[in-house]
Enquirer: 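The following block contains the structure, expressed as structure tokens.
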Protein chains: 2
Amino acid sequence: MLNQKSDLNRLFGALSDPARRTMVERLSRGPAPVSELASLLPMSLPSVMQHLGVLENAGIVRSEKVGRVRTCSIAPEAFSAAEHWINARRTQWEQRLDRLGTYLASQSEEPDDAP
Amino acid sequence: MLNQKSDLNRLFGALSDPARRTMVERLSRGPAPVSELASLLPMSLPSVMQHLGVLENAGIVRSEKVGRVRTCSIAPEAFSAAEHWINARRTQWEQRLDRLGTYLASQSEEPDDAP
DNA sequence: TTAATACTAAAGTAATTGCCTAACTATTTT
DNA sequence: AAAATAGTTAGGCAATTACTTTAGTATTAA
């Protein structure tokens with residue numbers, strides 16, 4: 001009943017579904033109406049609407065209705081929070097591996113028990 | 001009952017949970033035993049084990065048991081599939097926005113209905 | 001003005017997820 | 001050998017998810 005998921009929960013969660021990734025892939029080429037997104041997916045229109053809701057809630061997609069057509073598009077900065085988090089992690093363990101490498105190199109140059 | 005989710009389903013799905021991200025954040029600083037991961041999380045040890053299973057299944061974490069201690073660490077290339085997918089999308093719509101910008105600029109330079 | 005289009009709302013269902021407790025196995029430590 | 005430690009297995013339960021069908025509401029086209 002509590003709907004206070006973090007940005008990252010919603011972002012990664014939204015991207016974890018293949019139907020939603022298909023929608024995002026289509027929208028990365030440019031805006032499209034709901035019905036076109038639906039035409040790419042083997043499911044009912046209401047289901048597509050629900051997926052769209054998840055993507056909007058995650059801040060990945062925006063949409064606007066004009067007349068009876070709702071046009072969807074990728075939001076600017078759609079993935080930035082996810083990219084940030086991943087980059088921070090990668091940086092962290094790459095640095096650690098660097099330090100480990102340096103340490104191992106120093107160990108082989110001047111071993112503790114050298115004569 | 002079918003467990004044939006794609007790499008990306010499992011990757012993004014694994015990262016969509018805050019407990020699992022906490023584990024990954026810890027492991028990005030270096031290897032740790034299960035019990036240390038558990039000490040960071042407000043849940044039972046069996047639950048931590050399940051999260052660990054999800055992370056391993058997603059290829060994000062590896063682990064090895066020596067004696068009675070299981071040591072976990074980040075897998076090399078942990079995030080690469082996710083990074084690839086995101087970069088491909090971003091590249092796609094950035095290119096599209098570039099073309100759109102070029103088009104709009106050309107339109108304002110030589111308008112159709114100019115004198 | 002009727003009919004077709006493009007969504008939207010509501011409610012139901014089966015599977016999955018994220019947690020738990022209780023009981024168990026293997027390895028140290030005392 | 002007995003006790004403590006570190007993890008594992010099994011089973012259960014409530015919430016969430018990913019769908020469905022049915023029945024609407026606006027808009028636009030004929």
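We name chains A, B, ... by the order of the sequence lines, and we start the count at 1 in each one. Everything numeric here is computed off the predicted structure, so don't read it as measured data.
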Enquirer: Which nucleotide in the set C:dC7, D:dT20, D:dG7 lies at the smallest distance from any side-chain heavy atom of A:Ser35?
Expert: C:dC7
Enquirer: Could you check how far CG of B:Leu52 sits from C1' of C:dG18, rounded to whole Å?
Expert: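 Atom CG in B:Leu52 sits about 15 Å away from atom C1' in C:dG18.
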Enquirer: Determine whether B:Arg21 and A:Ser6 make a side-chain contact, defined as any pair of heavy atoms from C-beta on separated by less than 4.5 Å.
Expert: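 They are in contact (side-chain heavy atoms under 4.5 Å apart), so the answer is yes.
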Enquirer: As a test of reading the structure: which of C:dC7, C:dC19, D:dT20 is closest to the side chain of A:Val34, going by heavy atoms?
Expert: C:dC7
Enquirer: Take the protein atom CD of B:Glu56 and the nucleotide atom C1' of D:dG7, then report the distance between them rounded to whole Å.
Expert: 13 Å
Enquirer: Does C:dA4 have OP1 or OP2 under 4.0 Å away from a side-chain N or O of A:Arg68?
Expert: no
Enquirer: Is a side-chain donor or acceptor of A:Asn57 paired with a backbone partner of A:Gly53 at a separation under 3.5 angstrom?
Expert: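 No; zero donor-acceptor contacts below 3.5 Å.
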Enquirer: Assuming nearest nucleotide by heavy-atom distance, tell me which of A:Val66 and B:Gln50 is located more 5' along DNA chain D.
Expert: B:Gln50
Enquirer: Are any of A:Arg70's side-chain N or O atoms less than 4.0 Å away from OP1 or OP2 of C:dT8?
Expert: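 Answer is yes, contact under 4.0 Å.
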Enquirer: Once you round it to whole Å, what is the distance between P of C:dT17 and CZ of B:Arg10?
Expert: 12 Å
Enquirer: Considering just the side-chain nitrogens and oxygens of A:Lys65, establish if one lies under 4.0 Å of OP1 or OP2 belonging to C:dT8.
Expert: yes
Enquirer: Once you round it to whole Å, what is the distance between C1' of D:dT17 and CG of A:Leu55?
Expert: 14 Å
Enquirer: Of the candidate nucleotides D:dG7, C:dC19, D:dT27, which contains the atom at the shortest distance from the side chain of B:His51?
Expert: C:dC19
Enquirer: Which one, C:dC19, C:dC7, C:dA10, comes nearest to the side chain of A:Val69?
Expert: C:dC7
Enquirer: Whole angstroms only, please: what is the CG-C1' distance between A:Leu41 and D:dA18?
Expert: 13 Å
Enquirer: Calculate the interatomic distance between B:Leu45 atom CG and C:dG18 atom C1'; express it in whole Å.
Expert: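 After rounding, the reported distance stands at 15 Å.
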Enquirer: Is the count of non-hydrogen atoms from other residues, nucleotides or ligands lying under 6.0 Å from A:Arg26 atom CZ greater than 12?
Expert: yes
Enquirer: Whole Å only: how far is the CE atom of A:Met49 from the P atom of D:dG24?
Expert: 18 Å
Enquirer: Students often get this wrong, so: under 4.0 angstrom with heavy atoms, is B:Ser47 touching a base, only sugar-phosphate, or nothing?
Expert: base
Enquirer: For the side chain of B:Arg89 and the backbone of A:Ser28, is there at least one donor-acceptor N/O pair under 3.5 Å apart?
Expert: no
Enquirer: Using a 4.0 Å heavy-atom cut-off, does B:Ser44 contact any base of the nucleic acid, only the sugar-phosphate backbone, or nothing at all?
Expert: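 Base: the residue B:Ser44, judged by heavy atoms under 4.0 Å, touches a nucleobase.
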Enquirer: Quick one: B:Asp17 CG to C:dT16 P, roughly how many Å, whole number?
Expert: 18 Å
Enquirer: Tell me if a side-chain donor or acceptor on B:Arg10 pairs with a main-chain N or O of B:Gly59 at a distance below 3.5 Å.
Expert: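 Checking the backbone N and O of B:Gly59 against the side chain of B:Arg10, no donor-acceptor pair under 3.5 Å is found.
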